[in-house]
Trainee: 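Handing you a structure now.
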Amino acid sequence: MSARILAVIGAGNPAIAGDPAIDEATRLLRMGELVAFPTETVYGLGADASNPAALARLFEAKRRPADHPVIVHVTGLDSALQWSGSMPAGARALAGRFWPGPLTLVVPRGPRVPDAVTGGQSTVGLRAPSHPVARALLEAFGGGIAAPSANRFGHVSPTTAAHVADDLGDAIALILDGGPCEVGIESTIVAFDGDLPLLLRPGAIGADAIAAVLGRTPAEGHATAPRAPGTLPSHYAPHTAASRVAHPALRAEVAQLAGRDERVGVLAFDPDAPEDFDGVWITAPRDPARYAHALYANLRRLDAAAVDVILIEDLPTGVAWAAVRDRVMRATAGIDDDRD
């Protein structure tokens, strides 16, 4: 049986408190049920962050390893302080500049944080989303909502309510439909090693924007940095085998695969498929923000197209492409396992 999908009336309007769908989602969360909801990045699978039974249900629904932490969603800095043991000055500065928005801060955990949220670590990831549906739900619920992406672990993240239903419809109580997600890829994650900022996962807020606030460029994560969501070598992956191909070799690779009677799905910048191409060809936006917005929907479309292989044209190397390049590299890592 699939989860109910309830559209939030006026989902593009911040003044949606008291919407019947929000009231129902709040009721279910307080009962320990799972509720999927939109954020500006991707749809999250929400559970009461203070309820161990609800958290166990969340991990089971996603088939998520117990040592993989989840992010606690809050309304802002004041509520974040209820979950953190301390908030470094740099974290406060970033929250003041980018919250609400697509930034997760990894800080020392407070005493109220269950081990399941942190994967047993001494840190907790906190984020204040900007999507009006997410904010209305957080305000109505009045507590922290643990919410990884609303999909099976390791699979392509969902950016519409229909994507959530495809992955988890029989495992959760309710899906709040707030329309397609604006950003389309997961939040930037920044942790602090003392005063040193660490960029654990790139996102819509780039390293240059972080440096402008902190006065220093964040370092890359290292072996002893906190574990963070979405940083395994293979992640965000379609079920169909996918690989990256440089532009000069793309058409030759398509022809070679077609010669072996393999049906090919392609995500490329070139708007024109070969004349005799009988697979699925999706033209990708050349703007990095628009590419990010469409990426997961495009991967899901190719995954559902009954192709034998997916080819993704390599992305530009500029800093503006860092976040989507990270997602595409993990989606094409080629690790064959049974997480999905």
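Positions are given from 1 along the sequence.
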Trainee: Using a 4.5 Å cut-off on heavy atoms from C-beta on, say whether the side chain of Phe269 contacts that of Leu315.
Mentor: yes
Trainee: Using side-chain heavy atoms (C-beta onward) and a distance below 4.5 Å, is Leu105 in contact with Leu103?
Mentor: yes
Trainee: Spell out, as yes or no, whether a donor-acceptor pair under 3.5 Å connects the side chain of His293 to the backbone of Cys181.
Mentor: yes
Trainee: Which distance, rounded to the nearest 0.5 Å, do you find between the CZ of Arg325 and the OH of Tyr291?
Mentor: 11.5 Å
Trainee: If you count heavy atoms of other groups shown closer than 6.0 angstrom to CD of Glu262, is the number above 12?
Mentor: yes
Trainee: Look at Asp308 together with Arg260 and state whether they make a salt bridge at an N to O cut-off of under 4.0 Å.
Mentor: no
Trainee: Roughly how far, to the nearest 0.5 Å, is the OG atom of Ser50 from the CD atom of Gln82?
Mentor: 11.0 Å
Trainee: NE2 of His247 to CG of Asp314: how many Å apart, nearest 0.5 Å?
Mentor: 11.5 Å
Trainee: Verify, without hydrogens or angle tests, whether Lys62 (side chain) and Ala150 (backbone) share a donor-acceptor contact under 3.5 angstrom.
Mentor: no
Trainee: Hey, are the side chains of Arg109 and Val117 touching, using non-hydrogen atoms and a 4.5 Å cut-off?
Mentor: no
Trainee: Can you find a side-chain donor-acceptor pair between Ser187 and Thr104 that sits under 3.5 Å?
Mentor: yes
Trainee: With rounding to the nearest 0.5 Å, note down the distance linking CD1 in Ile172 to CD in Glu33.
Mentor: 10.5 Å
Trainee: Quick check: do Glu313 and Val266 have side-chain heavy atoms less than 4.5 Å from each other?
Mentor: no
Trainee: List for me each residue that meets salt bridge (charged side-chain N to carboxylate O under 4.0 Å, His left out) alongside Asp326, sequence neighbours excluded, and say none if there are none.
Mentor: Arg330
Trainee: Can you name the nearest heavy-atom pair linking Gly46 to Phe37, along with the distance?
Mentor: CA-CE2, 3.8 Å
Trainee: Answer yes or no: does atom CG of Asp67 have more than 12 heavy-atom neighbours from other residues, nucleotides or ligands under 6.0 Å?
Mentor: yes
Trainee: With a sphere of 6.0 Å drawn around CZ of Arg301, does it hold more than 12 non-hydrogen atoms of other residues, nucleotides or ligands?
Mentor: no
Trainee: With heavy-atom distances below 4.5 Å as the criterion, would you say the side chains of Arg327 and Tyr296 are in contact?
Mentor: yes
Trainee: Can you check whether Ala305's main-chain N or O pairs, donor with acceptor, with Arg263's side chain at less than 3.5 Å?
Mentor: yes
Trainee: Could you check Leu196 against Leu198 for side-chain contact (heavy atoms from CB on, under 4.5 Å), going step by step and ending with a plain yes or no?
Mentor: CA-CA 6 Å; Leu196 177 66; Leu198 302 175; 4.0 Å; yes
Trainee: Specify the closest pair of heavy atoms between Val133 and Gly178, including all atoms of both residues, with the distance to one decimal.
Mentor: CG2-CA, 4.2 Å
Trainee: Is there a donor-acceptor pair closer than 3.5 Å between any side-chain N or O of Trp281 and the backbone N or O of Asp270?
Mentor: yes
Trainee: Within the structure provided, determine whether Met87 and Leu81 are in side-chain contact (heavy-atom separation under 4.5 Å).
Mentor: yes
Trainee: Spell out, yes or no, whether Ile22 and Ile145 are grouped together once hydrophobic residues are joined by side-chain heavy atoms under 4.5 Å, including indirect joins.
Mentor: yes
Trainee: Quick check: do Leu302 and Thr240 have side-chain heavy atoms less than 4.5 Å from each other?
Mentor: no
Trainee: Write down the atom of Thr159, the atom of Thr41, and the distance for their closest heavy-atom approach.
Mentor: CG2-O, 4.3 Å
Trainee: Which heavy atom of Ala134 sits nearest to which heavy atom of Pro38, and what is that distance?
Mentor: CB-O, 3.4 Å
Trainee: Strictly below 4.0 Å, N to O, side chains only: are Asp167 and Arg300 in salt-bridge contact?
Mentor: yes
Trainee: Would you kindly confirm whether Phe277 and Leu250 end up in one hydrophobic cluster when ILVMFWY residues are joined by side chain heavy atoms under 4.5 Å apart?
Mentor: yes
Trainee: Between Val124 and Val72, is a side-chain contact (heavy atoms from CB on, under 4.5 Å) present by the stated rule, with each step listed?
Mentor: CA-CA 8 Å; Val124 62; Val72 177; 4.2 Å; yes
Trainee: Is there a path of hydrophobic side-chain contacts, each under 4.5 Å between heavy atoms of I, L, V, M, F, W or Y residues, that connects Ile185 with Ile282?
Mentor: yes
Trainee: Verify side-chain contact (heavy atoms from CB on, under 4.5 Å) between Leu29 and Asn51, making sure each step is shown before the conclusion.
Mentor: CA-CA 10 Å; Leu29 285 172; Asn51 183 335; over 6 Å; no
Trainee: Please confirm whether the backbone N or O of Leu34 pairs with a side-chain atom of Arg57, one donor and one acceptor, at under 3.5 Å?
Mentor: no
Trainee: With a 6.0 Å cut-off on ring centres, are Phe153 and His68 close enough?
Mentor: yes
Trainee: Donor-acceptor pair, distance only, cut-off 3.5 Å: does the side chain of Arg201 make one with the backbone of Val190?
Mentor: no
Trainee: Taking all non-hydrogen atoms of both residues, which atom of Ala237 and which atom of Ala331 are closest, and how far apart?
Mentor: CB-O, 3.8 Å
Trainee: Using side-chain contact (heavy atoms from CB on, under 4.5 Å), reason through Val328 and Arg244 one step at a time and then give a plain yes or no.
Mentor: CA-CA 8 Å; Val328 168; Arg244 303 186 310 279; 3.7 Å; yes
Trainee: Is it true that Ile5 and Leu45 fall in one hydrophobic cluster, defined by side-chain heavy atoms closer than 4.5 Å?
Mentor: yes
Trainee: Give a yes-or-no answer on whether the side chains of Glu186 and Ser157 include a donor-acceptor pair shorter than 3.5 Å.
Mentor: yes
Trainee: Between Arg27 and Glu24, does any NZ, NE, NH1 or NH2 come within less than 4.0 Å of an OD or OE carboxylate oxygen?
Mentor: yes
Trainee: Does Asp303 reach the main-chain N or O of His239 with its side chain, forming a donor-acceptor pair under 3.5 Å?
Mentor: yes
Trainee: Give, for atom CD1 of Ile310 and atom CG of Leu299, the distance between the pair rounded to the nearest 0.5 Å.
Mentor: 6.5 Å
Trainee: Determine yes or no for a side-chain-to-main-chain donor-acceptor pair under 3.5 angstrom, with Arg135 supplying the side chain and Pro129 the backbone.
Mentor: yes
Trainee: I want to check something: taking the side chain as every heavy atom from C-beta on, are Val35 and Phe141 in contact at a cut-off of under 4.5 Å?
Mentor: no
Trainee: Can you check whether Ile205's main-chain N or O pairs, donor with acceptor, with Thr188's side chain at less than 3.5 Å?
Mentor: yes
Trainee: Does Trp99 have Arg127 sitting over its ring (NZ/CZ under 6.0 Å from centre, angle to axis within 45°)?
Mentor: no
Trainee: Under a 4.5 Å side-chain heavy-atom rule over Ile, Leu, Val, Met, Phe, Trp and Tyr, are Leu267 and Val324 clustered together?
Mentor: yes
Trainee: Can you tell me how far apart OG (Ser149) and NE2 (His163) are? Round to the nearest 0.5 Å.
Mentor: 13.0 Å
Trainee: Looking at Gly101 and Glu40, what are the two nearest heavy atoms and their distance?
Mentor: C-OE2, 3.0 Å
